[in-house]
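As the structure lists them, so they are numbered: ligands from 1, and atoms in each ligand from 1.
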Amino acid sequence: MLMTTFFVLDCASQGVIRGFFGVSPQPNVLAEALANTNTAEASGFVMEQRWPIFKGLAWAICLMLLGWQGRKVWAEAPKRPYSRPAFWGMAALMTFTVLLHFNPSMLGAQPFLRWGVLFSSHAEAQKEIQAFENQRKALWRQHAAWDAHLVDQRPHTVVVFIGESDNRLNWHLLGYPRDTTQPLQEAFEKLPGQVTLFSNATSQQAFTLPSLKLALTPATSEQPDLWKTTPDITFMAKEAGFYTRWLSNQPSNDGWFAAIARDADEKVFINNGNWRDSSSVDRDLVKPLRKMLSQAARPYELIVIHLLGQHFHYELRCPKGIGPFSGVDDDPVMQDMKRAGRKDSIRQSRNEYDNAVYCGAQANAEMLQAISELRNDRKISVLYFSDHGQEVGHNRNFSGHSEQDASGYSIPMWLWNYQPGQKPQKIHIETKKFPLEYADQAMQHLLGIHSKWYEKKSDPLSAAFNAEAAH
Ligand SMILES: [Zn+2]
């Protein structure tokens with residue numbers, strides 16, 4: 001009965017947590033929230049969640065009563081000696097129960113041991129960040145040897161949007177039948193200066209970390225380990241005299257990115273594992289970005305914005321009440337998917353994914369608007385790319401990151417260049433290849449800096465770029 005009570009109370013608390021996050025949260029998020037909270041915030045959370053907590057408790061009491069009812073049946077049953085099969089059956093069950101404890105994810109669901117698992121994974125994440133930080137400190141000591149220097153002395157602002165799980169095959173601007181990118185298209189048409197859309201950009205990896213290690217540092221597919229011994233683009237910019245800012249809607253305890261952000265002159269995480277903010281959408285980045293931009297501009301400034309983009313769970317990527325493709329079941333996209341034999345659940349995922357693409361377009365359009373408003377007296381470059389693509393029933397009945405499908409690597413990318421006095425120009429569609437592993441070269445181009453790693457033939461924005469000769 002003690003066990004039943006614990007399990008039931010644990011179920012109730014998990015129910016409240018799931019209800020709050022919409023999904024089962026990463027253990028790190030919980031551990032960090034618990035480690036960093038104070039009494040006032042904790043009691044604020046309890047007050048805010050009093051109804052779900054009340055509901056959870058009510059369920060727990062019902063289940064416990066049911067358990068106590070069962071006790072009667074069990075206590076009143078006539079006692080019989082153990083039979084041999086029953087003994088072995090019981091032994092097998094007990095062994096299975098013990099073995100379950102060797103599986104970390106099962107252990108993480110064990111009501112007595114869950115919290116230990118949670119805090120040890122938190123401690124591990126902290127240790128990982130510390131290791132990355134030490135590595136970066138050693139790297140910074142060599143900064144003079146990077147030869148990172150300005151080649152364009154005009155004051156300017158560079159903004160880099162790092163997207164997440166965004167697939168260009170789902171962009172209306174690049175030919176997808178559904179109008180998923182309307183807010184961005186409107187923004188592009190109004191912006192003064194030149195917008196370039198890359199219709200042939202690909203990532204070399206299908207997961208965030210391996211892909212961005214290639215994109216943000218001189219590392220390439222041929223030399224993937226170079227990221228450990230070379231500076232990332234924010235470090236290079238800093239060395240060349242840039243004021244650097246990191247604005248993120250991704251978790252603040254994510255190893256390498258956390259370490260990069262800590263070296264920036266300013267960093268803002270709106271999704272820092274805090275209870276209240278953990279279901280933040282990218283549109284919530286608009287406000288802190290406006291605040292950053294309302295400060296006087298430094299001569300050379302770089303802002304990196306790390307989006308949550310179209311990462312699953314897709315339905316959490318939209319502000320409440322926005323979802324133009326929810327419930328659509330008979331448009332050309334759905335008809336195509338039905339013809340290809342896609343399951344209902346995958347088609348529903350596609351609708352949610354397309355909603356997330358739409359909401360991403362909306363958030364990015366609003367941020368572009370803020371940048372163009374608050375920095376219109378200087379040269380601006382804004383680059384957007386996704387870290388990798390996503391398979392959502394494009395090739396098979398599957399929704400998620402995919403190493404085996406082309407959709408896992410097809411990414412959208414765009415660039416907005418502006419100089420004071422320019423008028424809006426027609427969107428230019430660039431069909432040349434843009435392998436994301438050379439994004440660091442393109443960013444040096446946009447920042448107006450050269451380092452010892454910069455080469456025109458590896459710079460996709462240079463006329464001399466040669467995808468075959470680049471390395
Ligand atoms: Zn990713």
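Remark: at the Zn ion (ligand 1), atom OD2 from D387 and atom NE2 from H388 enclose 100°, rounded to the nearest 10 degrees.
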Show me the side-chain donor-acceptor pairs of residues 302-312 shorter than 3.5 Å, one per line, residues at least two apart or across chains.
unit_1, atom_1, unit_2, atom_2, d
H306, NE2, Q250, NE2, 3.4
Q310, NE2, A356, O, 2.9

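Taking backbone and side-chain atoms together, S211 has no N/O/S atom less than 2.8 Å away from the Zn ion (ligand 1). Between the Zn ion (ligand 1) and H401 there is no N/O/S contact shorter than 2.8 Å.
Salt-bridge check for D329 with K338: passed, with a basic side-chain N closer than 4.0 Å to an acidic carboxylate O. Between D344 and R347 there is a salt bridge, since at least one side-chain N of the basic residue sits less than 4.0 Å from a carboxylate O of the acidic one.
The closest approach of E164 to the Zn ion (ligand 1), by N/O/S atoms, is made by OE2.
Of the residues listed (K238, E301, E266), the one engaging Y243 in a side-chain hydrogen bond (donor to acceptor under 3.5 Å, both in side chains) is E266, and it is the only one.
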